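From a predicted model like this one, the values you see are computed outputs, not experimental measurements.
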Amino acid sequence: MSVFSDITALRKGGRIEEAYEMAKNALAENPDDIWAKRALAWVLYEFINRNASVENREKMFSYLTEFGGLDLPADEEMVLSSVLWCLRKFYANCGGLQFDDCNFYDQLFDVYKGLPFPKSDAYFALLRAVLANKKNWERSQMFIEWWGVENFREEDFEPFVMQNGRSLLSLAERCYIDLSKYYEADGSADNISAFTDRLRDVACKYPKLTYIPYYLAKLLIKQEKYEEAIVALKPFVKSKPKDFWVWQLMAEAHSEDEDKLAFYCKALECGGKDEMLVGVRESAALLFAKLGFCKEAKYEIDKLIATKEKNHWRISASILNIRNLPWYKTSETLKTNCPFYEKHSDRAEGVVFGERKKIKVLATFVNAKNGYISFVTEDKLSGFFKNTNKRIIVKAGDVLELEAVELETDKPSCVKRFAVAQDDENTNFFRKFEGKVRKNPQSGFAIVSGVFVPSGLLKGVADNELVNGKAMISFDKKKSKWGWTAVSVSLKP
């Protein structure tokens, strides 16, 4: 104990080299003395901490190797946590300098992965530092597996909210995603099966984790558990219906060609940058050709070849050879495949969302710049949707027929197609009115039989004249209640 005190005094007094020599000699004389080990461990920690940088990495590595050789028991938590903080500092420095020596990362990991680190704050800080630097280290997923996702706390499943209000994926979800990618690419059948069970439990316990169902489905597909993959994927597709890649995975989860056709068409209908669509175009083109849709397949082949040539990407020989096949040479060259997508994508949407129905709504406001149309239903539910068909001109007061599974009130409704209704009389959106006009002296509007009549409709109409007209349902924000607003007014004969 006295030797430990002497070594500690030298170390704290800055005489680190003397402390190191004394600690090594003390341990050599008494190899099983825990106090001698503990004294040398703290001296080595000082050296590790001083050299926890890219520039001094070799020295840090040497001292860490010596530290590992001490075979400290797990109850030496204080010094072990201190070394964790050193490792965290090193990884943070690596990220700042874009240090990308994978061999050194591998060697360093092999040195410390056998240490009995406590699951302290430093343990979690090390994980965050490695994740921030993982683009420089190919084995970062092996690190996560060693670190152990079973160690996550409840708070690690909560999203991280930045100072600007932006929400990032939780620490746990980021790790589960990385491990999913690792097992999908390189995992053995047994490891994939075991991890799938764990991921399934996480998806069930933490349904708010955004991407877990997607990666669960990918692993299930790899194991050819297609029905279960479809069940896992459906809620995710519903949450991201405008992203082509979720529909692409749904295609891969189905075994029947007719089903695959519908989902590939829906994926391509979603669109995106051509550079992002090359993969789904290739899969879709091969299926289109197999099913006899040759001109549609030719269109996809031409698009993906053009994209790869533009970006100087390698084009596989199998794709280039397609251009020499008879069906390709004799097929018509199309300008677009959009009508083909639309024809077949309904089936895909039906699988995910259920059958669509036609719903009549009243357009209450049209944002021409952003293309959004606000509406109200006959049951007085308000919502809005994106007008993707610029050929249809809509104005406030038009009755629309929407094709949708359901209408949303707090987010854009997913409307497949719509049209301006020709018959708007047999609805609850309008009513006829008549009565005498009494204009507001300041603003010029009038209230006639409970209907708000804008001043613009009363030009040429004097007070006390009898009018009739047509009014549409409207919501008075100031009074927070529904009412009526005139859309046309005329003098009553």
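Between the side chain of Asn367 and the backbone N or O of Lys369 there is at least one donor-acceptor pair closer than 3.5 Å. At distances below 3.5 Å, not a single donor-acceptor pair connects side-chain atoms of Glu66 with backbone N or O atoms of Leu44. At distances below 3.5 Å, at least one donor-acceptor pair connects side-chain atoms of Asn311 with backbone N or O atoms of Thr307. Under the 3.5 Å distance criterion, the side-chain polar atoms of Asn151 are matched with a main-chain donor or acceptor of Gly148. Of the possible donor and acceptor atoms, one in the side chain of Gln141 sits under 3.5 Å from a partner among the backbone N and O of Asp178. Under the 3.5 Å distance criterion, the side-chain polar atoms of Asn30 are left unmatched by any main-chain donor or acceptor of Asp32. The backbone N or O of Ala189 sits nowhere less than 3.5 Å from a side-chain atom of Ser193 that would complete a donor-acceptor pair. No donor-acceptor pair closer than 3.5 Å links the side chain of Lys59 to the backbone N or O of Asn51. Judged purely by atom type and a 3.5 angstrom limit, Arg57 uses its side chain to pair as donor or acceptor with the backbone of Val54.
With 3.5 Å as the limit, one finds a donor-acceptor pair spanning the side chains of Ser188 and Asn191. For the residue pair Ser120 and Ser81, a side-chain donor N or O sits within less than 3.5 Å of a side-chain acceptor on the partner. Side-chain contact annotation: Asp106 with Asn103, donor-acceptor N/O pair under 3.5 Å absent. Between the side chains of Glu145 and Tyr183, at least one donor N or O lies within less than 3.5 Å of an accepting N or O.
Here the side chains of Ser170 and Asp156 are not in contact, with every heavy-atom distance at 4.5 Å or above. Using a 4.5 Å heavy-atom cutoff, the side chains of Leu168 and Arg174 are not in contact. For the pair Leu402 and Ser413, the minimum side-chain heavy-atom distance is 4.5 Å or more. Counting heavy atoms from C-beta on, the side chains of Asn56 and Ser53 come closer than 4.5 Å. In this structure, the side chains of Phe90 and Leu108 come closer than 4.5 Å at one or more pairs of heavy atoms. Looking at heavy atoms from C-beta onward, Phe263 lies out of side-chain contact with Gln248 at the 4.5 angstrom threshold. Within the 4.5 Å cutoff, side-chain heavy atoms of Trp147 are placed close to those of Phe152. Contact of the Arg166 side chain with the Val161 side chain is not registered, since no non-hydrogen atoms from C-beta on lie closer than 4.5 Å.
Heavy atoms from other residues, nucleotides or ligands lying under 6.0 Å from NZ of Lys240 number more than 12. Annotation: Lys89, atom NZ; neighbour count of heavy atoms from other residues, nucleotides and ligands within 6.0 Å is above 12. Counting heavy atoms of neighbouring residues, nucleotides and ligands inside a 6.0 Å radius, atom CG of Asp121 does not exceed 12 of them. By the neighbour-count criterion of 12 heavy atoms within 6.0 Å, atom CD of Gln223 is densely surrounded, having more than that number from other residues, nucleotides or ligands. When the shell of 6.0 Å around NZ of Lys113 is examined, it contains more than 12 heavy atoms from other residues, nucleotides or ligands.
Interatomic distance, His254 NE2 to Leu249 CG, rounded to the nearest 0.5 Å: 10.5 Å. Summarising the geometry, atom OG belonging to Ser82 is positioned 11.0 Å from atom CD belonging to Glu76; distances are rounded to the nearest 0.5 Å. Atom OG1 of Thr210 sits about 5.0 Å away from atom CD of Glu173, to the nearest 0.5 Å. Once rounded to the nearest 0.5 Å, the distance linking CD1 of Ile230 with CE of Met250 reads 6.0 Å.
For Arg347 and Asp259, the salt-bridge test passes: some basic side-chain N is under 4.0 Å from an acidic carboxylate O. Between Lys222 and Glu184 there is no salt bridge, since none of the side-chain N atoms of the basic residue sits less than 4.0 Å from a carboxylate O of the acidic one. The pair Asp274-Lys308 fails the salt-bridge criterion, with no side-chain N (NZ, NE, NH1 or NH2) lying under 4.0 Å from an Asp/Glu carboxylate O.
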key: Verdict with reasoning, Phe365 to Phe384, per ring pair (Phe, Tyr, Trp, His ring centres under 6.0 Å)   = CA-CA 9 Å; Phe365 180 76; Phe384 64 101; over 10 Å; no
ask   = Would Glu58 and Tyr63 satisfy side-chain hydrogen bond (donor to acceptor under 3.5 Å, both in side chains), going step by step from the backbone distance to the final call?
value = CA-CA 9 Å; Glu58 296 298 341; Tyr63 290 122; over 6 Å; no
request  = Evaluate the criterion ring pair (Phe, Tyr, Trp, His ring centres under 6.0 Å) for residue pair Tyr176 and Tyr215; output intermediate values, then yes/no.
outcome  = CA-CA 9 Å; Tyr176 275 108; Tyr215 287 96; over 10 Å; no
key: salt bridge (charged side-chain N to carboxylate O under 4.0 Å, His left out) between Arg153 and Glu155, intermediate numbers included   = CA-CA 5 Å; Arg153 307 156 299 189; Glu155 59 262 35; 3.5 Å; yes
query = Under the salt bridge (charged side-chain N to carboxylate O under 4.0 Å, His left out) criterion, do Arg323 and Asp302 qualify, and how do the steps go?
reply = CA-CA 9 Å; Arg323 295 194 293 188; Asp302 289 346; 5.8 Å; no
request  = Any chance you could lay out the side-chain contact (heavy atoms from CB on, under 4.5 Å) test for Met276 and Phe244, step after step, and finish with the verdict?
outcome  = CA-CA 9 Å; Met276 303 293 293; Phe244 77 88; 4.0 Å; yes
task = Could you please spell out the steps behind the salt bridge (charged side-chain N to carboxylate O under 4.0 Å, His left out) verdict for Glu228 and Arg200?
result = CA-CA 11 Å; Glu228 189 178 352; Arg200 188 186 290 110; 2.6 Å; yes
request  = Please report the C-alpha distance between Arg15 and Glu18 in whole Å, then the side-chain angles of each, then the deciding distance to 0.1 Å, and finally whether the salt bridge (charged side-chain N to carboxylate O under 4.0 Å, His left out) criterion is met.
outcome  = CA-CA 6 Å; Arg15 298 161 65 183; Glu18 293 180 50; 2.8 Å; yes
task = Please assess Leu291 against Glu258 for the test side-chain contact (heavy atoms from CB on, under 4.5 Å), listing each intermediate value before the final yes or no.
result = CA-CA 9 Å; Leu291 295 176; Glu258 290 297 326; 4.3 Å; yes
request  = Tell me, with the steps shown, if Lys37 and Phe4 meet side-chain contact (heavy atoms from CB on, under 4.5 Å).
outcome  = CA-CA 9 Å; Lys37 280 189 178 184; Phe4 177 82; over 6 Å; no
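The aromatic rings of Tyr91 and Trp137 sit parallel to each other, their planes meeting at less than 30°, with 60° as the upper class boundary. Taking the six-membered ring for Trp and thresholds of 30 and 60 degrees, Tyr211 and Trp245 have nearly parallel ring planes, at less than 30 degrees apart. Between Tyr214 and Phe236, the ring-plane angle classifies as tilted under the 30° and 60° cut-offs.
Applying the side chain to side chain donor-acceptor pair (under 3.5 Å) test between Tyr105 and each of Asp110, Asn133, Asn136 identifies Asn133 as the sole match. The residue from Tyr264, Trp327, Phe340 that alone fulfils the ring-ring contact (aromatic ring centres under 6.0 Å, His included) condition with Phe288 is Phe340. Screening Lys266, Arg417, Lys234 for a salt bridge (charged side-chain N to carboxylate O under 4.0 Å, His left out) with Glu349, the sole residue that qualifies is Lys266.
Relative to the six-membered ring of Trp85, Arg88 misses at least one condition, a distance below 6.0 Å or an angle of at most 45° to the axis. In this structure, Lys119 is positioned above the aromatic face of Tyr123, its NZ or CZ under 6.0 Å from the six-membered ring centre and within 45° of the axis.
When ring centroids are compared, Tyr45 and Trp42 come within the 6.0 Å threshold.
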